[in-house]
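Note that this is a predicted model, so its numbers are computed, not measured. Proteins get letters first, then strands, A, B, ... in listed order; numbering begins at 1 in each.
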Amino acid sequence: MANRYAITGQEDTVTSSLTTALDLIGSATARPEVDFFMGSAGAGTLADQSVRCTLARHTTVNTLTGVTPQPIDPNAPAAVSTAGENASAEGTYTAGSELIDQAVHLRSQIVWWASSEAARLVVPATANNGIGFRVRQAAGAYAGPWDYTAHFVGP
Amino acid sequence: MALTRKQKQGGYMVIRNHNDSGKDVEYDTFTCRHCQKVVRIRPMCDPVELGGRCSCCDGLLCPSCASVPKCTHIEKRLQDTERRDALYQAMK
């Protein structure tokens with residue numbers, strides 16, 4: 001049975017442009033599959049504003065702070081897939097390739113999970129390709145943090 | 001592709017305290033078999049708005065993929081990406 005891992009990431013400062021708060025990156029030997037994620041505002045000053053949460057595929061790597069996937073089962077081996085957070089430079093995202101695109105109020109929380117294997121979001125086994133969990137301002141000019149947590153299945 | 005026939009593509013989305021109203025909003029979702037876009041199922045909506053079904057791979061499709069008269073199963077797309085990268089790496 002494939003192992004499950006958790007990754008968390010934070011975008012320190014939400015802006016009017018899409019920025020990558022959390023990124024799951026494949027490799028030539030790893031094809032991870034996202035089956036859960038949730039997003040919420042971090043410890044910022046919450047106001048009557050909203051952000052837009054977008055999951056999209058990228059084909060070149062973002063410049064990120066490294067995140068180590070944590071196995072859900074403590075006895076599982078270290079993940080082959082890699083992850084990162086709080087991108088300082090964005091990679092190449094395919095236009096119109098959003099997998100999930102939803103506006104969320106700062107005082108709300110968005111949660112999604114796949115009920116079956118066929119519903120998981122698959123990252124190709126290609127270096128520098130991955131799924132970015134992105135965020136930008138929607139209604140208002142919130143400039144605080146935004147957090148994502150995701151689970152994936154794979155090596 | 002035959003391996004994915006009849007595999008359910010369902011998921012679930014919850015937006016807690018939606019719009020700061022104190023109420024949760026919940027949606028059934030499905031993941032498009034071709035592009036893997038997650039489509040929210042709005043209750044009582046016109047089925048045409050949800051997308052369609054691929055007659056080749058028998059998968060549920062998002063509205064964008066439903067308008068394309070060709071089966072581009074996600075597995076095929078992933079393999080194309082991986083092979084292209086493998087060729088590029090071999091040529092470097």
Please flag which part of [X] lies under 4.5 Å from any non-hydrogen atom of chain A: side chain, backbone, both or neither.
| X | answer |
| --- | --- |
| B:Ile74 | side chain |
| B:Arg40 | side chain |
| B:Ser64 | neither |
| B:Phe30 | neither |

remark   = Residue from B:Asp20, B:Ile15, B:Val39, B:Asn19 scoring the most non-hydrogen pairs under 4.5 Å with chain A is B:Asp20

task = Specify which of B:Lys37, B:Glu82, B:Met13, B:Gln9 makes the most heavy-atom pairs with chain A at under 4.5 Å.
result = B:Glu82

inquiry  = Distance alone, cut at 3.5 Å: any donor-acceptor contact between the side chains of A:Tyr5 and A:Gln70?
reply    = no

inquiry  = Could you check whether A:Asn62 and A:Tyr93, counting side-chain N and O atoms only, form a donor-acceptor pair closer than 3.5 Å?
reply    = yes

query = Taking every heavy-atom pair that is under 4.5 Å apart, which of A:Arg31, A:Arg57, A:Glu98 has the most such pairs with chain B?
reply = A:Arg31

remark   = From the list A:Ile100, A:Val104, A:Val122, the residue making the most non-hydrogen contacts under 4.5 Å with chain B is A:Val122

ask   = Is there a donor-acceptor contact under 3.5 Å from the side chain of A:Thr20 to the main chain of A:Leu22?
value = no

message = Please check this pair: side chain of A:Ser27 against backbone of A:Ser81, looking for a donor-acceptor N/O pair closer than 3.5 Å.
response = no

Interchain contact, [X] with chain B, by part (heavy-atom threshold 4.5 Å):
| X | result |
| --- | --- |
| A:Asn129 | side chain |
| A:Arg120 | backbone |
| A:Gln109 | both |

Sidechain N-carboxylate O distance under 4.0 Å for [X], [Y]:
| X | Y | result |
| --- | --- | --- |
| A:Glu90 | A:Arg134 | yes |
| B:Asp80 | B:Lys76 | yes |
| A:Asp35 | A:Arg4 | yes |

inquiry  = Applying a strict under-4.5 Å side-chain criterion to I, L, V, M, F, W and Y, I'd like to know whether A:Leu106 and A:Tyr148 cluster together.
reply    = yes

